[in-house]
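Notes for the one structure printed next.
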2 protein chains.
Amino acid sequence: MKLSTRSRYGLKAVIDLAIAYGTGPVSLPVLAASQGISEGYLEQLLRELKKGSVVDTVRGAQGGYELTCDPAELNVQRVLNLLEGSTAIVDCVGTEHHNCTSACSCSARPLFLKLQTRINDVLVRTTIRELADDYVQQKSRGNPCKNVCE
Amino acid sequence: MKLSTRSRYGLKAVIDLAIAYGTGPVSLPVLAASQGISEGYLEQLLRELKKGSVVDTVRGAQGGYELTCDPAELNVQRVLNLLEGSTAIVDCVGTEHHNCTSACSCSARPLFLKLQTRINDVLVRTTIRELADDYVQQKSRGNPCKNVCE
DNA sequence: CTTAAACCCTAGTAAATTAGTTGCCTTACG
DNA sequence: CGTAAGGCAACTAATTTACTAGGGTTTAAG
């Protein structure tokens, strides 16, 4: 049930980009330093996000990464789907239903479906803008925020 | 975000035991055959469930496994916690909060907390009895149920 | 009392996933 | 042209997952 660090790092980088939205690209070294992780690793995650058209890049000096759309229009599910591959808790309730029919299959399926529905609900409804705004607000109140996990 | 096969197999075995609740122990070969998996592997999972007092065993010939309590009193969270170790999607929102304070920590924390709340809600509210009853009912309607994942 | 069915336990292992690192190439601003 | 930046591929170490193997112990039944 754990979310991978890919997802955690990638999501936080997207939130960083949302905070900087409209102010030009943010470079990899800056994004990596924000979370205290290596540039090489974060780069891979950002490349996935670029493939999925969530971020765009500006090459050359003064370049960096930026969101392709307004953070208010970007939900968490889209981001996590790119980073995680899929946000399905079990394959048989993902977008590809495989061999499990909805009529009836294994005894745990009703649980999996309910869980997946609730999870998707949160992921779809939560926008990157909300998370970015919350974080900026907390910091402005002088709360001891760190974006680094220990 | 995936649920491990441990969890899937273990949970389904518990549902099998719920269906047989009150009719004496069910043997490992029977439980394993129900899902088409090896006895050795399922045995490990059942041992975890025994450690957690969810199932009890009867040794010797005609022995097997049985639930320690009424399936109506047993929720899915308790079962998955034993099988999965923890049902937390990230460590910092588990029962052990580690170094992340609730005041403010990383930018993604509000999302993690919301997600975890919704997940726990489903896991706590769903009883094994519900799942067992649903399954028995589906089968009695002649639906093509299989407890085996393909 | 012997046998066989059943649980008990430890250890090992192959495959997959995760979490990175390394190194070199391309682009573009000044 | 030099340097700062992203692009890309390959490799690797550690961990987790999903098992398998094999021997030990208990107990009901014949």
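These figures come from a predicted structure and were not determined experimentally. First the proteins, then the strands, lettered A, B, ... as listed; each starts at 1.
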Whole-Å distance separating the NZ atom of A:Lys2 from the P atom of C:dT17 | 18 Å
Are B:Tyr65 and C:dC8 close enough that a side-chain N or O sits under 4.0 Å from OP1 or OP2?
-> yes
Begin with the C-alpha distance, continue with both residues' side-chain angles, and end with the deciding distance and a verdict on side chain to side chain contact (heavy atoms under 4.5 Å, CB included) for A:Leu17 and A:Tyr65.
-> CA-CA 8 Å; A:Leu17 292 178; A:Tyr65 296 83; 4.2 Å; yes
Confirm from the modelled atom types if A:Gln44 and C:dT21 form a donor-acceptor pair under 3.5 Å, side chain to base only.
-> yes
For the residue pair A:Gln138 and A:Asp134, confirm or rule out a side-chain donor-acceptor distance under 3.5 Å.
-> no
Between residues 12-38 of chain B and DNA chain D, which residues have a heavy-atom gap below 4.0 Å?
-> B:Ser38
For the pair A:Leu115 and B:Arg118, evaluate side chain to side chain contact (heavy atoms under 4.5 Å, CB included) and give the outcome as yes or no after the intermediate values.
-> CA-CA 8 Å; A:Leu115 249 185; B:Arg118 299 273 189 261; over 6 Å; no
Any idea which heavy atoms bring A:Tyr41 and A:Thr5 closest together, and the distance?
-> OH-OG1, 3.5 Å
Minimum heavy-atom separation for B:Leu67 to B:Ala18, with atom names?
-> CD1-CA, 3.7 Å
Which value, rounded to the nearest 0.5 Å, describes the distance between A:Arg47 atom CZ and A:Thr57 atom OG1?
-> 10.5 Å
Specify the separation, in whole Å, of atom CG of A:Leu3 and atom C1' of C:dA19.
-> 15 Å
Scan B:Lys50 against the nucleic acid and name what it touches under 4.0 Å (heavy atoms): base, sugar-phosphate only, or nothing.
-> sugar-phosphate
OP1 or OP2 of C:dT18 less than 4.0 angstrom from a side-chain nitrogen or oxygen of A:Tyr41, does that happen here?
-> no
Side chain to side chain donor-acceptor pair (under 3.5 Å) between B:Gln116 and B:Asn120, intermediate numbers included | CA-CA 6 Å; B:Gln116 192 68 59; B:Asn120 287 345; 3.2 Å; yes
Answer yes if the side chains of B:Thr127 and B:Asn75 hold a donor-acceptor pair under 3.5 Å, and no otherwise.
-> no
Work out which heavy atom in B:Leu3 is nearest to a heavy atom in B:Arg8; give both atom names and the distance.
-> O-NE, 4.4 Å
When every non-hydrogen atom of A:Gln35 is compared with those of A:Tyr9, the smallest separation belongs to NE2-O, 2.9 Å
Between C:dG30 atom C1' and A:Gln62 atom CD, what is the distance in whole Å?
-> 9 Å
Which atom names give the shortest non-hydrogen contact between B:Asn147 and B:Lys12, and what distance separates them?
-> O-NZ, 2.9 Å
Rounded to whole angstrom units, what separation is found between the CG atom of B:Leu45 and the P atom of C:dC7?
-> 14 Å
For A:Gly63 and for B:Arg6, locate the closest nucleotide of DNA chain D by heavy-atom distance; then report the residue assigned to the nucleotide nearer the 5' terminus.
-> A:Gly63
What is the distance, rounded to the nearest whole Å, between atom CG of B:Leu46 and atom P of C:dC8?
-> 9 Å
The first and last nucleotides of DNA chain D lying within contact of chain A, meaning any atom under 4.0 Å from one of its heavy atoms, run from D:dA4 to D:dA10
How does protein reach along nucleotides 23-28 of chain C, written 5' to 3' as B (base within reach of a heavy atom under 4.0 Å), S (only sugar-phosphate), or - (no contact)?
-> ---BBS
A:Glu84 CD - C:dT17 P separation (whole Å) = 12 Å
Only one of A:Leu82, A:Leu74, A:Val76 passes side-chain contact (heavy atoms from CB on, under 4.5 Å) with A:Val14; say which it is.
-> A:Leu74
Return the value, rounded to whole Å, for the distance between atom CZ of B:Arg47 and atom C1' of C:dA6.
-> 14 Å
